[in-house]
Amino acid sequence: MKKVKYAIIGAGTAGLTAKREISRETDDYILINSGPLGTTCARVGCMPSKVFIQVANDFHRRKVFEQIGIDGADALKVDTQKVMKHTRKLRDSFTNPIINSMEKMGDQLIQKKARFIDDHTLDLGDDKIRAEKIIIATGSTPVVPKEWKEKFGEQIVTTDELFELKELPQKIAVVGLGVIGLEMGQALARLGLDVIGFSANPTLGGAQDKDIQKHIQKELSKEMTIVSARAKPVRRDSDGRIVVESEGQEYAVDLVLSSMGRRPNLESLGLKEIGIEHDEKDLPLFDHQSLQIKGHPHLLLAGDVNQMRPILHEASDQGFIAAQVAMDPTKCFQMRTPLAMTFSSPQIAQAGQTSSELKNKGIEFIEGEVSFKDQGRAKAMVKNSGLLKVYVHAKTGELLGTEMACPSAEHLSHLLSWAIQQKLDVFTLLKMPFYHPVLEEGLRTALRNASKKVPSPHRPMDLSECPDPSAGS
Ligand SMILES: Cc1cc2nc3c(=O)[nH]c(=O)nc-3n(C[C@H](O)[C@H](O)[C@H](O)COP(=O)(O)OP(=O)(O)OC[C@H]3O[C@@H](n4cnc5c(N)ncnc54)[C@H](O)[C@@H]3O)c2cc1C
C-alpha cells in the first residue's frame, strides 16, 4: 500500500486547483481521477456550451437585419454538422492543454476510481492508498431518471453527450429549464430547431425575482414553446419518434435533452459505509467555511460535489481553500460575493444576495429598478428589452444584491458584484463615472431610483464635494 501526505480525488477544476496549491509546498501528494481528463467545464460544460451559444446568437442576429437595412438575411443557412464540428474543435483546444499538462504528472496521477475503506484509506481496485489528508473533489453528474432512460434509450441525451452529436435533429424536447436547460434550449431554437421546453418551476434560468421571471418567460416564449409543467416519458411511436406528455398533451420529438439537475458524485465513494454523517439531502455534514467534513477534519469537500455553489470560479476557490486548510487547518478564507449567470438572451445574472435571501434574513431593503425598453444604447443595439433590479439597505443605502435579465448582464453583474464586495452604497456608486451612451446608464437609473427611496438628511449630490472647499483649485 502506497502512503502519501495528501490525496486529491477528482481532477476537475476544484481538484486541479487543490493540486496546484499543494504542489507549491510538497511533492508528497497523489491525484486520482476516474473519468475522462480535461475537466467538466472544458469538456462538456462552460466552454463547449458557450461556443455553441455564440454560433446560435450569431445566426439569430439575422432576424433584425431587414429592420436595420441589411438585405439578404433569408439566404443565410445553418449547417448543423459544421456547427457541431466547430464546437468540438474549440472544445479540444480548451481540453488539450489541460490533458497534456496532466500527462506530465507521471505516477502522481492515478486514473482509477477511488472508494473509501476507512477515513484514511482508499481502495483503487487493484491497489490501496493511505493518505493523511484527503480532498474530495469528485464533481457531479447529470440526472436522467430511470424511467426516461428505459423508455427512450439513446434518444435521451444530457450535455455529456449533446456536443458529440454529428448533427442536430428537427424537433427536441428540453426537460428542465434551469440554467443549463434554458441556455441550451434557446441556443438550439436559435439554430432553427423546433424546441419545446418543460419546466414545472417558474425559476427559468435560475431567476429568483418574480418580475424578472415573468420577463424571461415572455422573451423566451417568442423563440421556443415553453410548457410550465412537468413532462413524462410516454412511448416511442411508429416513426421512431419519442413521445413526451405534459398536462394531457402529447409531444412527439426526435430527441430529449435532459436537464433535470445534477447529483453530486458521492455514492461510489462509500462515505456512508465508513460512518460519515449525512444530512437530509444526502450530503456529508461539512463546515461551509473550512470545507472540512464534520468529525473528520482531514477530509475536505470541494467543488460541485458539495453543492454549495456549483459554478466554475467557486469550484476553483474551494479547491484553493481545501488545499490551504488541508496544509494548515488554522487558515480561514472568506468566500467572494456570490455571482451567477445564465448565458441566455437576455442574459440573466445575480450578484450578492437575492431578494428572497434578504427577506428570509429579515433585512430591510428597498428596490431600485430599470427597464431597458427605452434605454438609448440598448435601442441602438436593437436589444432594448430587459429588467434590472438593485437591492439596497433601507437605512444606509448599501448595495446588497442585484438581479437582472438584460443585455450585457454578464458585465453589469460583475461591476455590481465588485461594488457589493466593497460594501459601496448607492450614493457612492452614483458618483462614479458613467460614459454616454452605454448600458451602464441604465444601471445608473436603477441606482438613482433606489437612492431616492433611502432616507438621507441632505439631497444627495451628483458629484463628490471637495474635501476642503477653501483649498479651491
Ligand atoms: C453544460 C454546463 C455548462 C456550464 N456552464 C458554466 C458556466 O458558463 N460558468 C460556470 O461558472 N460554470 C458552468 N458550469 C459548471 C462548471 O462546469 C462546474 O461548476 C465545474 O466544472 C465543477 O468542477 P469540479 O472540479 O467540482 O468537478 P469536475 O470538473 O466535474 O471534476 C470532477 C472529477 O472527479 C472525477 N471523479 C468522480 N468520482 C470519482 C471517484 N470516485 N474517483 C476518482 N475520480 C472521480 C470525475 O471523473 C471528474 O473528472 C457548467 C456545467 C455544465 C454541465
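We count ligands from 1, going down the list as the structure has it; atoms in each ligand are counted the same way. This structure is a prediction, so every number in the text was calculated from the model and none was measured.
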* Asked: Among protein heavy atoms, which sits nearest to atom 53 (C) of ligand 1, and what does the distance come to when rounded to 0.1 Å?
  -> R262 NH1, 3.3 Å
* To do: Answer yes or no: is there a side-chain heavy-atom contact under 4.5 Å between K166 and R88?
  => yes
* Structure fact -> among protein heavy atoms, the one nearest atom 27 (O) of ligand 1 is G139 CA, 3.4 Å
* Starting from atom 48 (C) of ligand 1, find the nearest protein heavy-atom neighbour and note its residue, name and distance. => N33 OD1, 3.5 Å
* Asked: Is M184 near ligand 1, meaning one of its heavy atoms is under 4.0 Å from it?
  -> no
* Top protein contact for atom 31 (O) of ligand 1, by heavy-atom distance -> G12 CA, 3.2 Å
* Applying a strict 4.0 Å limit to heavy atoms, is R115 in contact with ligand 1? -> no
* Structure fact -> Quick look: A14 vs ligand 1, heavy-atom contacts under 4.0 Å, and the answer is both
* To the nearest 0.1 Å, how far is atom 19 (O) of ligand 1 from its closest protein heavy atom, and which atom is that? -> D304 OD1, 2.8 Å
* Using heavy atoms and a threshold below 4.0 Å, how should the contact between T138 and ligand 1 be classified: side chain, backbone, both, or neither? -> both
* Structure fact -> In terms of heavy-atom contacts, S385 and H215 come closest through OG-CE1, 3.1 Å
* To do: Please report which non-hydrogen protein atom sits nearest to atom 34 (O) of ligand 1, along with the residue it belongs to and the distance in Å to one decimal place.
  => G10 CA, 3.2 Å
* Asked: Hey, is ligand 1 close enough to H313 that some N/O pair sits below 3.5 Å?
  -> no
* Asked: Do any nitrogen or oxygen atoms of T40 lie less than 3.5 angstrom from nitrogen or oxygen atoms of ligand 1?
  -> yes
* Can an N or O of S140 be found at a distance shorter than 3.5 Å from an N or O of ligand 1? -> no
* Asked: Can a donor-acceptor pair be found between the side chains of D58 and Q54 at a distance below 3.5 Å?
  -> yes
* Structure fact -> Between the CD atom in E103 and the CG atom in L37, the distance rounded to the nearest 0.5 Å is 7.0 Å
* Polar side chain donor-acceptor pair, Q108 to K19, under 3.5 angstrom -> no
* **N or O pair under 3.5 Å between T13 and ligand 1** => yes
* Within less than 4.0 angstrom of ligand 1, does M341 place any heavy atom? -> no
* CZ-OG distance between R190 and S345, expressed to the nearest 0.5 angstrom -> 4.0 Å
* Asked: Counting only heavy atoms, which portion of V179 has something under 4.0 Å from ligand 1: side chain, backbone, both, or neither?
  -> neither
* **For K294, all residues meeting side chain to side chain contact (heavy atoms under 4.5 Å, CB included), sequence neighbours excluded** => E277, L285
* Under 3.5 Å: N/O of G45 near N/O of ligand 1 -> no
* To do: Would you check if there is a donor-acceptor pair between the side chains of N201 and S199 at a distance under 3.5 Å?
  => no
* **ligand 1 to L312 polar contact by distance, N or O atoms, under 3.5 Å** => yes
* How about F59 and V83: do any of their side-chain heavy atoms sit closer than 4.5 Å? -> no
* To do: List the closest protein heavy-atom neighbour of atom 41 (N) of ligand 1: residue, atom name, distance to the nearest 0.1 Å.
  => A114 O, 3.2 Å
* Structure fact -> Under 4.0 Å between heavy atoms, the region of P142 that gets near ligand 1 turns out to be neither
* Looking only at distances, please establish whether an N/O atom of ligand 1 is found under 3.5 Å from an N/O atom of A315. => no
* Asked: Does the pair K50/E183 count as a salt bridge with the N-to-O cut at 4.0 Å?
  -> yes
* To do: Write out the residue and atom name of the closest protein heavy atom to atom 4 (C) of ligand 1, then the distance separating them to 0.1 Å.
  => C46 N, 3.3 Å
* Asked: Is the H414 ring parallel, tilted or perpendicular to the W418 ring (thresholds 30°, 60°)?
  -> perpendicular
* For S34 and ligand 1, does the shortest N/O to N/O distance drop below 3.5 Å? -> yes
* **Under 3.5 Å: N/O of E183 near N/O of ligand 1** => no
* Output yes when K389 and E403 qualify as a salt bridge under the 4.0 Å nitrogen-oxygen rule, no when they do not. => no
* Asked: Who pairs with F372 by ring-ring contact (aromatic ring centres under 6.0 Å, His included), at least two apart in sequence or on another chain?
  -> none
* To do: Give the C-alpha distance, both sets of side-chain angles, the deciding distance and a yes or no for side-chain contact (heavy atoms from CB on, under 4.5 Å) between Q375 and V370.
  => CA-CA 9 Å; Q375 207 275 335; V370 62; 5.5 Å; no
